[in-house]
Amino acid sequence: MPSSANSRISSAGPVSQVPPKSWMTQPACTQLQQIYADAGFGLRFVGGCVRDTLLGRTIRDIDLCTPARPEQSLDLLEKHNIKTIPTGLSHGTITAVIDKKPFEITTLRLDLKTDGRHADVTFTENWQEDAARRDFTMNALSFGADYQLWDYFGGLKDLRKGCVRFIGDPNARIQEDYLRILRFFRFYASYGRTAYGPTAIDQEGLKACQRHAEG
């Protein structure tokens with residue numbers, strides 16, 4: 001894992017418990033949670049569905065993470081007659097399809113080596129390590145099965161403030177994947193809040209994007 005991310009790992013536990021929303025308790029989500037729980041694996045909601053729920057927005061896609069290896073997920077879901085698609089096995093991602101609705105499920109992972117766009121990964125069972133390899137603090141938030149919010153890097157505070165902030169050293173995070181420059185501005189367009197003034201744009205991150213723009 002890049003040292004810039006590793007140095008920012010927090011040992012904090014869940015920071016709060018949110019009232020369950022209708023999308024969380026829909027039969028498909030409940031079924032997936034139960035299947036993974038019965039098999040001894042955890043399953044958490046991650047990504048946009050977490051951010052948008054915390055901001056009271058409409059949920060579109062539902063993404064999840066689990067310590068289960070991709071082959072374990074495939075086997076587990078197929079045993080329950082759930083259609084699966086090997087979306088990206090090398091990076092730990094499979095898609096479960098329930099009632100024609102896709103649910104992307106990804107194994108917790110670490111980035112061992114990056115080339116500025118792609119990463120060689122290994123799988124892990126450590127939620128903090130998986131969160132640490134993500135790009136922004138608000139993208140490392142997750143909901144557990146009991147609707148507890150896990151926040152290892154102050155992502156909730158940044159989300160509420162409308163500040164898109166890299167995890168660890170922004171220069172290192174961008175050099176791992178230069179696409180993160182575009183993601184920085186896309187996230188700011190979606191989650192930035194100009195009412196907070198220019199400080200809502202993380203100056204350290206902005207300077208790093210300018211510095212590495214040619215990448």
Side-chain angles (χ1 to χ4, degrees), residues 1-2 4-24 29 44-65 104 106 108 111 114 117 127-144 146-215:
M1 185 203 312
S4 60
N6 195 31
S7 64
R8 298 294 293 273
I9 288 180
S10 167
S11 60
V15 297
S16 64
Q17 189 170 25
V18 299
K21 306 300 181 182
S22 59
W23 69 266
M24 299 179 188
C29 286
R44 292 187 192 175
F45 300 108
V46 295
C49 64
V50 176
R51 296 189 299 272
D52 291 339
T53 292
L54 292 170
L55 294 177
R57 298 182 180 182
T58 301
I59 302 306
R60 295 177 176 82
D61 300 323
I62 299 177
D63 296 333
L64 305 104
C65 273
E104 192 172 275
T106 301
L108 303 179
D111 294 342
T114 60
R117 182 61 194 96
W127 291 95
Q128 293 183 14
E129 290 180 338
D130 179 84
R133 59 97 189 161
R134 296 176 182 271
D135 44 15
F136 309 120
T137 59
M138 65 175 65
N139 199 31
L141 296 165
S142 61
F143 285 142
D146 49 3
Y147 313 118
Q148 288 184 320
L149 174 65
W150 294 81
D151 179 11
Y152 301 108
F153 303 103
L156 179 58
K157 179 180 178 180
D158 287 338
L159 181 67
R160 288 174 171 170
K161 186 178 178 181
C163 180
V164 181
R165 183 167 61 87
F166 284 98
I167 295 172
D169 178 10
N171 295 286
R173 306 324 301 274
I174 289 173
Q175 288 176 301
E176 292 164 7
D177 183 355
Y178 289 103
L179 186 63
R180 286 171 172 168
I181 293 175
L182 301 182
R183 283 175 58 81
F184 179 84
F185 293 105
R186 182 170 70 82
F187 266 62
Y188 185 74
S190 182
Y191 297 104
R193 299 187 184 182
T194 55
Y196 285 90
T199 56
I201 301 179
D202 181 65
Q203 294 300 305
E204 188 179 1
L206 179 61
K207 291 177 181 177
C209 288
Q210 295 170 329
R211 186 176 299 116
H212 300 288
E214 291 186 3

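The ring of W23 has its center closer than 6.0 angstrom to the ring center of F45.
Shortest non-hydrogen contact noted between I59 and C49 is CD1-O, 3.4 Å. Across all non-hydrogen atoms, the minimal contact from F153 to A140 is CD1-CB, 3.9 Å. Nearest approach of G205 to F184, heavy atoms of both residues: C-CZ, 4.0 Å. The two residues L108 and C65 come nearest to each other via the heavy atoms CD2-CB, 3.8 Å.
Taking the side chain as every heavy atom from C-beta outward, V164 and D202 never approach each other to under 4.5 Å. I201 is listed as a side-chain neighbour of Q203, based on a closest heavy-atom distance under 4.5 Å. When side chains are defined from C-beta on, C163 does not count as touching Y188, because their heavy atoms never get closer than 4.5 Å. R211 places a side-chain heavy atom less than 4.5 Å from the side chain of N171. Proximity of C209 to R183: side-chain heavy atoms (C-beta onward) are nowhere separated by under 4.5 Å. The closest side-chain heavy-atom distance from T58 to D52 is not below 4.5 Å. Residues P170 and E204 are in side-chain contact: their nearest non-hydrogen atoms beyond the backbone lie under 4.5 Å apart. Within the 4.5 Å cutoff, the side chain of F143 has heavy atoms near those of the T53 side chain.
For the atom pair CZ (R165) and CG (D158), the distance works out to 4.0 Å, reported to the nearest 0.5 Å. Taking CG from D63 and CZ from R44, the interatomic distance works out to 15.5 Å, rounded to the nearest 0.5 Å. Residue S142 holds its OG atom at 8.5 Å from CG of D151, rounded to the nearest 0.5 Å. Here L156 contributes atom CG and S16 contributes atom OG; the two are 6.5 Å apart, rounded to the nearest 0.5 Å. To the nearest 0.5 angstrom, L179 atom CG is 8.5 Å from R186 atom CZ. Between the CH2 atom of W150 and the CD atom of Q128 there is a distance of 8.0 Å, given to the nearest 0.5 Å.
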Inset, instruction - For the pair R51 and L159, evaluate side-chain contact (heavy atoms from CB on, under 4.5 Å) and give the outcome as yes or no after the intermediate values. - result: CA-CA 7 Å; R51 296 189 299 272; L159 181 67; 4.3 Å; yes
Inset, instruction - List the steps, then state whether side-chain contact (heavy atoms from CB on, under 4.5 Å) holds for L149 with L141. - result: CA-CA 7 Å; L149 174 65; L141 296 165; 4.2 Å; yes
Inset, instruction - Please report the C-alpha distance between L54 and V18 in whole Å, then the side-chain angles of each, then the deciding distance to 0.1 Å, and finally whether the side-chain contact (heavy atoms from CB on, under 4.5 Å) criterion is met. - result: CA-CA 9 Å; L54 292 170; V18 299; 4.2 Å; yes
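Between F136 and F166, the angle of the ring planes lies from 30° to 60°, which puts this pair in the tilted group.
A salt bridge between R173 and D177 is absent, with no side-chain N of the basic residue lying under 4.0 Å from a carboxylate O of the acidic one. Salt-bridge annotation for E176 and R180: present, with a side-chain N of the basic residue lying under 4.0 Å from a carboxylate O of the acidic one.
If you check the side chains of Y191 and N139, you find no donor sitting under 3.5 Å from an acceptor.
In this structure, the side chain of Q17 engages the main chain of D146 through a donor-acceptor pair within 3.5 Å.
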